[in-house]
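These notes are about the structure you will find just below.
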Amino acid sequence: MEHVTHDDVLPIYDENSKILILGSMPSKKSREAKFYYAHPQNRFWKVLETVLNDKINNKKEFILKHHIALWDVIYSCDITASSDASIKNVIPNDITTILESSSIKAIFTNGKTAEKYYQKYLYPKTHLKSICLPSTSPANCRLSSNQLEKEWAIIKEYLKD
């Protein structure tokens, strides 16, 4: 188990962001890459490409183009590798800056762990309900890519003008 912080994986958002997608804590691969969902078997980017019917050339530009904000619930914690089940000693991120400087209409959590920590640490401060989507993690193998895409399609409703 190691103590990790979120210092090297910064939030992505701008004033036009309409939805906020929160993970729990970046995986070991993502922490090494200093960017979100860097594990080659994580289906996050493929799901977004399909749901938004757009090809990703630059991930950060793609997120901003589609008015999405991206961050994680947890700022620091003790964790073993990338195991959400091992998370202890959580210090949450402060998402108020994103909420105050963007046009967020909805908050989505990527998986049950992100939802659990959002409800425990962030909801009492924001009082904004979140919508829990199935995890795109390779550890969530119970859903096919097609099933994930169907569940994640709800984000399109909140991205409309």
Side-chain angles (χ1 to χ4, degrees), residues 4-77 79 81-84 87 92-115 117-118 122 126 128 130-141 143-161:
V4 297
T5 65
H6 207 293
D7 291 327
D8 293 331
V9 187
L10 301 175
I12 300 171
Y13 68 98
D14 65 18
E15 66 277 1
N16 300 311
S17 298
K18 294 179 181 179
I19 67 169
L20 172 58
I21 299 174
L22 294 169
S24 53
M25 181 73 181
S27 70
K28 186 172 182 128
K29 289 269 187 211
S30 295
R31 293 190 305 268
E32 289 167 359
K34 297 181 169 92
F35 203 76
Y36 298 93
Y37 306 105
H39 192 289
Q41 292 175 330
N42 191 300
R43 298 178 282 177
F44 180 81
W45 298 108
K46 181 66 181 133
V47 165
L48 285 188
E49 273 188 330
T50 302
V51 165
L52 299 173
N53 194 28
D54 193 8
K55 185 80 176 142
I56 297 172
N57 293 315
N58 176 295
K59 292 173 181 173
K60 183 176 179 179
E61 288 174 9
F62 179 89
I63 289 296
L64 295 175
K65 172 186 171 185
H66 288 284
H67 308 295
I68 297 170
L70 193 57
W71 210 13
D72 289 294
V73 174
I74 299 171
Y75 165 72
S76 72
C77 66
I79 188 169
S82 300
S83 170
D84 280 353
I87 292 174
N93 272 316
D94 180 0
I95 64 170
T96 56
T97 302
I98 295 175
L99 299 176
E100 290 169 357
S101 60
S102 64
S103 305
I104 300 296
K105 297 181 195 176
I107 296 174
F108 295 90
T109 54
N110 186 352
K112 291 180 181 174
T113 302
E115 178 69 10
Y117 289 115
Y118 177 83
L122 300 181
T126 66
L128 296 172
S130 57
I131 299 167
C132 184
L133 296 172
S135 175
T136 60
S137 166
N140 180 19
C141 52
L143 290 182
S144 69
S145 292
N146 283 345
Q147 290 170 306
L148 270 179
E149 291 156 6
K150 285 178 187 171
E151 295 282 337
W152 276 74
I154 190 173
I155 69 171
K156 292 190 297 187
E157 296 301 314
Y158 295 88
L159 294 172
K160 292 179 181 174
D161 287 331

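Nothing fancy with the numbering, it's 1 onward along the sequence. Because the structure is a prediction, the values reported are computed rather than measured.
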Carefully, step by step, assess Thr97 and Tyr13 under the rule side-chain hydrogen bond (donor to acceptor under 3.5 Å, both in side chains). CA-CA 10 Å; Thr97 302; Tyr13 68 98; 5.5 Å; no
Taking side chain as C-beta onward, heavy atoms only, is [X] less than 4.5 Å from [Y]?
{"X": "Lys29", "Y": "Asn42", "result": "no"}
{"X": "Leu99", "Y": "Leu128", "result": "yes"}
{"X": "Leu64", "Y": "Ile12", "result": "yes"}

Evaluate the ring planes of Trp45 and Phe35, with Trp represented by its six-membered ring, and classify them as parallel (under 30°), tilted (30 to 60°) or perpendicular (over 60°). parallel
Going from [atom1] on [X] to [atom2] on [Y], what distance comes out if it is rounded to the nearest 0.5 angstrom?
{"X": "Ile107", "Y": "Ile21", "atom1": "CD1", "atom2": "CD1", "answer": "11.5 Å"}
{"X": "Leu148", "Y": "Lys46", "atom1": "CG", "atom2": "NZ", "answer": "12.0 Å"}
{"X": "Leu52", "Y": "Glu149", "atom1": "CG", "atom2": "CD", "answer": "11.0 Å"}
{"X": "His66", "Y": "Glu49", "atom1": "NE2", "atom2": "CD", "answer": "9.5 Å"}
{"X": "Glu157", "Y": "Ile19", "atom1": "CD", "atom2": "CD1", "answer": "11.5 Å"}
{"X": "Thr5", "Y": "Arg31", "atom1": "OG1", "atom2": "CZ", "answer": "9.0 Å"}

Got a sec, which residues hit salt bridge (Lys or Arg N to Asp or Glu O under 4.0 Å) with Glu15, two or more places apart in sequence or on another chain? none
Main chain of Ile95, side chain of Asn93: is a donor-acceptor contact present, judged purely on distance under 3.5 Å? no
Examine distances only and state if a side-chain atom of Glu115 and a backbone atom of Thr109 form a donor-acceptor pair shorter than 3.5 Å. no
Can you confirm whether the side chains of Thr96 and Asp94 place a donor and an acceptor under 3.5 Å from each other? yes
Under 3.5 Å side-chain donor-acceptor pair for Thr126 and Tyr118: yes
Report the C-alpha separation of Asp7 and Tyr75 in whole Å, then their side-chain angles, then the decisive distance to 0.1 Å, and conclude whether the side chain to side chain contact (heavy atoms under 4.5 Å, CB included) test is met. CA-CA 8 Å; Asp7 291 327; Tyr75 165 72; 2.7 Å; yes
Could you pull out the closest heavy-atom pair between [X] and [Y], with the gap in Å?
{"X": "Asn110", "Y": "Ser135", "answer": "OD1-CA, 3.1 Å"}
{"X": "Ser17", "Y": "Ser102", "answer": "O-CB, 3.9 Å"}
{"X": "Met25", "Y": "Val4", "answer": "CE-CG2, 3.3 Å"}
{"X": "Leu159", "Y": "His67", "answer": "CD2-O, 3.7 Å"}
{"X": "Glu61", "Y": "Asn58", "answer": "N-OD1, 2.8 Å"}
{"X": "Val73", "Y": "Ala114", "answer": "CG2-O, 3.6 Å"}

When you look at Ile79 and Ile74, which way does the side chain to side chain contact (heavy atoms under 4.5 Å, CB included) test go after all the steps? CA-CA 11 Å; Ile79 188 169; Ile74 299 171; over 6 Å; no
The single option from Ser30, Pro11, Pro26 that satisfies side-chain contact (heavy atoms from CB on, under 4.5 Å) with Asp72 is Pro26
Residue that, paired with Leu48, satisfies side-chain contact (heavy atoms from CB on, under 4.5 Å) out of Thr136, Asp54, Ile63: Ile63
Within a reach of under 6.0 Å around NZ of Lys18, are more than 12 heavy atoms found that belong to other residues, nucleotides or ligands? yes
Is it true that atom CG of Asn53 has more than 12 heavy atoms of other residues, nucleotides or ligands lying nearer than 6.0 Å? no
Considering the options Phe108, Phe62, Tyr37, which one meets the ring pair (Phe, Tyr, Trp, His ring centres under 6.0 Å) requirement together with Phe44? Tyr37
With sequence neighbours left out, what residues match Ser103 under side-chain contact (heavy atoms from CB on, under 4.5 Å)? none
